[in-house]
Engineer: 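Below you will find the structure I want to go over with you.
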Amino acid sequence: MTDESAGDDQMRGALLPGRVGLFVRLSANPGGRTGLLDALHRYADRLASEPNTEAFVIALDPDDEDVVWLYEWFTDEAGLEAHRLSEPFTELVTEIPEWLAAPPGLLRIDP
């Protein structure tokens, strides 16, 4: 490990130690973004049942009216797993396929 990479690890750990994050790209069917957003907002209203979800941000793509971006982060790997197993998330992933033109794109990050 170089001194620089060791420094990067220390900085990352000092900011949000152990956190796990995701960028998620959701491509709606043409004209389906409103339905997708409605489903996401219903999900967001229930986030209190996921105490290990520390952030859930919904953003519109400024260049594509059918794309929605999510930024989310969790306390740790166990928090991410609890999110995936939660009732609100299960309901969301059951509901949104009708609005999606493609499978979600996921990019894992260290917040």
Side-chain angles (χ1 to χ4, degrees):
M1 181 182 294
T2 67
D3 288 343
E4 185 175 311
S5 64
D8 287 348
D9 287 344
Q10 288 174 340
M11 287 175 29
R12 194 175 6 240
L15 295 174
L16 291 170
R19 298 321 196 262
V20 177
L22 297 172
F23 283 122
V24 181
R25 183 179 193 271
L26 299 173
S27 298
N29 291 317
R33 186 168 77 174
T34 299
L36 178 59
L37 288 170
D38 286 345
L40 291 169
H41 286 127
R42 283 191 297 277
Y43 167 75
D45 287 344
R46 298 176 64 195
L47 278 173
S49 69
E50 292 186 28
N52 295 320
T53 300
E54 294 185 327
F56 182 78
V57 179
I58 302 168
L60 303 179
D61 190 306
D63 298 321
D64 188 332
E65 66 185 31
D66 294 321
V67 172
V68 175
W69 289 92
L70 304 178
Y71 173 54
E72 34 190 342
W73 82 67
F74 311 92
T75 53
D76 52 22
E77 289 291 336
L80 174 58
E81 186 63 19
H83 157 73
R84 289 182 175 151
L85 296 173
S86 73
E87 182 180 334
F89 183 73
T90 300
E91 291 174 8
L92 177 67
V93 298
T94 300
E95 180 179 0
I96 65 171
E98 72 178 278
W99 304 111
L100 295 180
L106 299 175
L107 174 63
R108 188 181 165 115
I109 57 169
D110 292 331

Engineer: Can you name the residues that form a side chain to side chain contact (heavy atoms under 4.5 Å, CB included) with L107, not counting sequence neighbours?
Structural biologist: F23, I109

Engineer: Mind jotting down which residue pairs meet the salt bridge (Lys or Arg N to Asp or Glu O under 4.0 Å) criterion with at least one end in residues 88-104? Sequence neighbours excluded, please.
Structural biologist: R42-E95, R46-E91

Engineer: Enumerate donor-acceptor pairs with a distance under 3.5 Å from any side-chain N or O in residues 32-41 to protein atoms, sequence neighbours excluded.
Structural biologist:
unit_1: R33; atom_1: NE; unit_2: E65; atom_2: O; d: 3.0
unit_1: R33; atom_1: NH1; unit_2: E65; atom_2: O; d: 3.2
unit_1: H41; atom_1: ND1; unit_2: L37; atom_2: O; d: 3.0

Engineer: The criterion is side chain to side chain contact (heavy atoms under 4.5 Å, CB included); which residues satisfy it with D64, sequence neighbours excluded?
Structural biologist: R25, D61, D66, V67

Engineer: Quick check: is L47 connected to V93 through a chain of hydrophobic side chains (ILVMFWY, heavy atoms under 4.5 Å apart)?
Structural biologist: yes

Engineer: Going by the rule side chain to side chain donor-acceptor pair (under 3.5 Å), which residues pair with R19 if we only count those two or more places apart in sequence or in a different chain?
Structural biologist: E54

Engineer: Please name all residues satisfying ring pair (Phe, Tyr, Trp, His ring centres under 6.0 Å) with W99, sequence neighbours left out, ordered by chain then number.
Structural biologist: none

Engineer: Can you list everything that forms a side chain to side chain donor-acceptor pair (under 3.5 Å) with E50? Sequence neighbours excluded, please.
Structural biologist: Y43, T53, H83, S86

Engineer: Determine, step by step, whether L70 and L22 satisfy the side-chain contact (heavy atoms from CB on, under 4.5 Å) criterion, reporting the C-alpha distance in whole Å, the side-chain angles of both residues, the deciding distance to 0.1 Å, and the verdict.
Structural biologist: CA-CA 8 Å; L70 304 178; L22 297 172; over 6 Å; no

Engineer: Only counting residues at least two apart or in another chain, list the ones meeting side chain to side chain contact (heavy atoms under 4.5 Å, CB included) with A78.
Structural biologist: D76

Engineer: Side-chain heavy atoms nearer than 4.5 Å, only ILVMFWY residues, links allowed to pass through others: does that put L80 and L26 together?
Structural biologist: yes

Engineer: Side chain to side chain contact (heavy atoms under 4.5 Å, CB included) with E81: which residues, sequence neighbours excluded?
Structural biologist: R84, L85

Engineer: Are W69 and F56 linked, directly or through intermediate hydrophobic residues, by side-chain heavy-atom contacts shorter than 4.5 Å (ILVMFWY only)?
Structural biologist: no

Engineer: Would you name the heavy atoms of G79 and N52 that are closest together and state the gap between them?
Structural biologist: CA-CB, 3.4 Å

Engineer: Using the rule that two of Ile, Leu, Val, Met, Phe, Trp, Tyr join whenever any of their side-chain heavy atoms come within less than 4.5 Å, decide whether L60 and V57 are in one cluster.
Structural biologist: no

Engineer: Between L92 and L106, is there a shared hydrophobic cluster once you connect ILVMFWY residues whose side-chain heavy atoms come closer than 4.5 Å?
Structural biologist: yes

Engineer: Kindly give the heavy-atom pair with the smallest separation between A101 and A28, and that separation in Å.
Structural biologist: CB-O, 3.7 Å

